[in-house]
Amino acid sequence: MAPLKSLQQEYPLVDSVFQAFCASHGIFSVEDFLLYDVDVLISSAHKQSTSQRLNQGINQLLSIIDALHRPLLTGLDLLEDSKRNKHALSTGCQGIDALLEGGLRRGQLTELVGPSSSGKTQACLQFATTVAKKYMGSVIYLDTCNAFSAQRIAHFVGQSSDPVFNDQADHKPLQKVLDRIICYSVFSIFQMFDVLHQLEINLRSEMFKSDCQVRLLIVDSVSSLITPILGGSGPQGHALMISVGFLLKKLAHEHNVAVLVTNHMVGGDSGTCKPALGESWKTVPHVRILLSRDLESNTCTFSIIKHPSLASGRAASCTL
Amino acid sequence: MERWIDGDENANQMLARVFMARPFLLPPPLHGVPLRVGNVVELIGPSPSAKTHILSQTAISCILPERWNDVEYGGLDRLVVFIDLDCRFDIMRLSEMLNYRIMEVEGVVDGDHRKTLYNLCMSRFLYIHCYNSFEFLQTLKTLHYRLQKEEEAHGISSLVLMIDSIGAFHWVDRATAFLPPRDSSRKNLFSQTVSEAVVQEIKKVTQMHPMLVIATKSTIFMDRYSAASNVAKWNFIKDNQQAERVSRNVTRNDQAIQYREYMPSVWQAFVTHRILVRASEDYRVMSNHENCSFYTLEWLVPRLNSSERLVVKDAGIFVD
């Protein structure tokens with residue numbers, strides 16, 4: 001949104017008289033206008049000699065706001081968008097797909113929570129491989145702790161049971177999969193904002209090219225970027241955390257990307273472990289999954305903490 | 001003079017107006033207290049505590065017709081506006097619950113009949129999501145015109161305005177308050193200003209379209225911060241002269257549930273009814289065999305002495 005001055009060229013009704021009138025009410029930008037009571041403004045405009053013109057200006061501003069905004073959708077529109085664009089992406093592990101009703105849903109933010117070495121990164125790498133291989137989509141991988149391993153991905157590709165895939169040895173399937181996984185090393189939240197904003201711009205400009213869509217965005221781990229900025233007395237840390245959350249959800253929703261983030265565990269009050277990032281972060285993800293690993297059998301158990309349509313407590317196991 | 005003698009409305013219009021203002025009982029789980037249009041209900045609870053679920057269920061009861069093709073559905077036959085500030089709403093879940101509700105009614109086997117009814121109901125559910133406070137204000141400022149259009153198209157008026165959840169931008173707005181003000185006449189507390197504007201706009205919309213407002217609010221502070229000894233650690237309490245974040249202790253069933261108010265006082269004064277939901281302790285024991293979870297709901301304002309146990313199943317929410 002813009003200062004009123006910059007609107008003058010495009011909308012002649014927002015002229016200097018109108019701007020002076022608005023300035024007398026402390027309105028300099030569209031944001032100020034939003035915070036101001038329109039009725040008060042209109043009744044004040046009536047007292048002026050140029051009331052008609054001022055009223056036109058106010059209506060012009062209202063229609064600018066209206067045009068900026070997305071339309072009111074009905075349940076049918078939503079459902080259609082959901083059915084057309086928000087499929088679930090298979091994770092490559094049958095148990096988890098069954099647990100999550102198909103896998104990671106596009107348009108949603110899924111969070112993996114688990115203690116250290118519970119298999120969070122392994123799960124991320126596995127899911128990335130599956131999506132790159134099966135859906136021919138590209139995967140954006142934000143790596144915050146240097147845990148990304150191309151070897152591990154090569155291993156997952158080699159494990160593939162898909163016969164067609166293995167036959168085409170000369171097409172270098174591994175090369176293709178690796179080409180589709182784009183990894184960024186990110187070490188601070190501001191870097192992450194940079195990458196995400198750039199990604200948003202790229203996605204918007206490439207919206208109509210559908211040859212290799214971004215299907216999955218992974219942040220491993222989001223908590224290691226956010227924990228350092230939390231704490232202290234001000235709300236800035238939390239504000240950044242919530243902003244990142246909204247940015248991720250926006251990317252997910254507008255561009256039909258499945259977002260997967262990981263979060264570590266910290267010691268709670270009563271000696272039990274609980275997810276890091278606290279209460280405020282709980283409102284961010286759509287789906288929250290707790291990971292735990294049995295060291296002897298080397299199986300990972302995924303149990304649902306939160307899901308829009310599934311009860312918490314359900315679980316599935318898988319070997320990574 | 002003549003106009004003064006003429007009636008303002010005929011009996012039919014008056015009856016419609018009186019019926020509109022009469023309190024009505026919402027279907028369970030919000031059936032504890034009769035509500036009327038113009039009331040503002042706040043649904044408080046940690047995440048997850050089935051808040052969005054309760055909204056969905058209430059929405060379904062509103063959009064379903066009372067009778068349709070000689071079949072009793074017991075709905076309220078009105079429109080619902082859902083403003084999604086958390087950006088986590090899952091339309092598939094609403095659609096699933098609606099289908100269950102339609103199937104529940106016996107005596108109808110006609111698939112076409114069901115499909116038409118389903119489509120009718122879904123088109124009565126109006127949805128919009130916002131990524132920040134300005135978008136929220138934009139939505140509210142232009143909602144009147146949009147609603148008018150929809151109400152004319154459907155021939156029925158809207159009954160409930162749902163906001164999920166009202167505190168979503170709390171942290172971001174709080175941090176904005178700390179930016180240096182561009183000129184001295186502006187109020188410094190941004191979150192305060194935004195809340196004032198939001199309340200103002202909701203009042204205006206509900207004046208034009210008499211509606212019940214139901215807003216959810218997640219408790220974003222952990223219990224330990226409400227303990228009196230720790231509150232002092234939080235610096236912002238010091239610069240908070242309006243005593244807008246009062247800590248509350250609610251004791252019920254030997255279980256201290258604490259939540260701290262964080263919305264500005266202008267919003268708190270706007271709320272007329274308050275409901276607290278939380279996960280029930282014994283849900284883990286029971287939820288193994290079925291896809292269901294348990295929650296408790298209690299009325300804080302007005303105070304009701306009984307709390308209710310809610311069971312969330314595939315088909316929706318039931319009162320135990």
Side-chain angles (χ1 to χ4, degrees), chain A residues 1 26 28 30-32 34-39 62 65-66 68-79 81-83 86 105 108-109 233-243 246-247 249-250 253 269 278-280 282-286 288 305-314, chain B residues 46-48 52 86-88 90-96 119 121-129 131-132 134-135 137-139 141-142 145-146 150 165 168-169 171-172 174-175 178 182-183 185-186 193-194 197 200 204 218-222 224 234-236 283-284 287-288 291-293 312:
Chain A
M1 276 180 271
F28 298 96
V30 180
E31 281 95 337
D32 295 336
L34 282 174
L35 287 171
Y36 210 84
D37 191 340
V38 181
D39 289 345
L62 277 176
I65 292 170
D66 196 40
L68 273 176
H69 204 34
R70 55 186 76 79
L72 208 54
L73 297 172
T74 69
L76 286 175
D77 302 332
L78 271 182
L79 199 66
D81 174 58
S82 180
K83 280 186 176 151
K86 308 276 193 289
R105 275 271 293 282
Q108 289 194 344
L109 199 157
S233 57
Q236 283 88 349
H238 281 86
L240 284 172
M241 171 172 84
I242 298 299
S243 306
F246 272 107
L247 187 54
K249 281 194 275 190
K250 190 174 180 180
H253 183 83
D269 294 331
E279 290 291 308
S280 299
K282 276 190 185 174
T283 63
V284 175
H286 291 81
R288 209 164 209 218
I305 309 183
K306 167 180 174 152
H307 194 282
S309 57
L310 296 172
S312 49
R314 299 216 311 182
Chain B
S47 182
T52 309
D86 268 346
C87 303
R88 272 188 305 147
D90 186 10
I91 189 67
M92 300 304 257
R93 180 66 187 133
L94 182 97
S95 141
E96 192 183 296
N119 285 346
C121 290
M122 285 302 265
S123 69
R124 286 175 175 179
F125 181 80
L126 307 173
Y127 170 92
I128 198 153
H129 63 260
Y131 293 120
N132 56 49
F134 285 117
E135 289 191 7
L137 279 171
Q138 272 179 26
T139 307
K141 270 215 153 74
T142 53
Y145 302 103
R146 290 162 184 230
E150 294 291 339
S165 66
F169 309 123
W171 286 114
V172 181
R174 280 270 309 285
F178 286 79
R182 270 182 285 164
D183 84 89
S185 67
R186 272 176 219 226
T193 321
V194 166
Q200 191 69 248
K204 270 194 220 164
S218 36
T219 48
I220 56 172
F221 293 101
M222 274 173 288
R224 64 193 163 107
W234 286 63
N235 275 353
F236 61 81
Y283 78 99
R284 278 190 195 287
S287 61
N288 290 333
N291 184 17
C292 58
S293 10
V312 180

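Shown here are the ring pair (Phe, Tyr, Trp, His ring centres under 6.0 Å) partners of B:F125, two or more places apart in sequence or in another chain: B:F82, B:F89.
Only the side chain of B:S95 comes within less than 4.5 Å of a heavy atom of chain A; its backbone N, CA, C and O stay farther away. Residue contact with chain A, scored on non-hydrogen atoms closer than 4.5 Å, involves the backbone and the side chain of B:T139 alike. Neither the backbone nor the side chain of A:L240 comes within contact range of chain B; no heavy atoms are under 4.5 Å apart. Using a 4.5 Å cut-off between heavy atoms, A:T283 touches chain B through backbone and side chain atoms alike. Only the side chain of A:R105 comes within less than 4.5 Å of a heavy atom of chain B; its backbone N, CA, C and O stay farther away. Contacts between A:D39 and chain B at a heavy-atom distance below 4.5 Å involve backbone atoms as well as side-chain atoms.
Contact of the A:L62 side chain with the B:Y145 side chain is registered, since non-hydrogen atoms from C-beta on lie closer than 4.5 Å. Inter-residue side-chain proximity for B:M122 and A:T74 is flagged as unmet; no heavy-atom pair is nearer than 4.5 Å. Residues B:D90 and A:Q108 meet the side-chain proximity criterion, which asks for heavy atoms closer than 4.5 Å. Side-chain contact between B:Y131 and A:H253 is present, with heavy atoms from C-beta onward closer than 4.5 Å. The closest side-chain heavy-atom distance from B:K204 to A:D37 is below 4.5 Å. No side-chain heavy atom of A:K86 sits under 4.5 Å from any side-chain heavy atom of B:I91. Using a 4.5 Å cut-off on side-chain heavy atoms (C-beta onward), B:I128 and A:L73 make no contact. Using a 4.5 Å cut-off on side-chain heavy atoms (C-beta onward), B:V172 and A:H238 make no contact.
Residues A:P285 and B:R88 come closest through the heavy atom pair O-CD, 3.3 Å.
Of the options A:D77, A:L72, A:L78, a side chain to side chain contact (heavy atoms under 4.5 Å, CB included) to B:Y127 is made by A:L78 and by none of the others.
When each of A:D66, A:V38, A:V284 is checked for heavy-atom pairs under 4.5 Å with chain B, A:D66 comes out on top. Heavy-atom pairs under 4.5 Å with chain A peak, among B:E150, B:E96, B:R93, B:R124, at B:R93. Between chain A and the residues B:A197, B:S165, B:C87, the most heavy-atom pairs under 4.5 angstrom are made by B:C87. When each of B:L94, B:V194, B:T142 is checked for heavy-atom pairs under 4.5 Å with chain A, B:T142 comes out on top.
Using a distance-only test at 3.5 Å, with no hydrogens or angles considered, no donor-acceptor pair links the side chain of B:R174 to the main chain of A:A239. Under the 3.5 Å distance criterion, the side-chain polar atoms of B:K141 are matched with a main-chain donor or acceptor of A:L34.
A distance of 10.0 Å separates SG in B:C121 from CG in A:L76, rounded to the nearest 0.5 Å. For the atom pair OH of A:Y36 and CD of B:Q200, the computed distance is 11.0 Å after rounding to the nearest 0.5 Å.
Salt bridge status for B:D86 with A:K249: absent, with no side-chain N to carboxylate O gap under 4.0 Å.
Side-chain atoms of B:S218 and A:K282 include no donor-acceptor pair closer than 3.5 Å.
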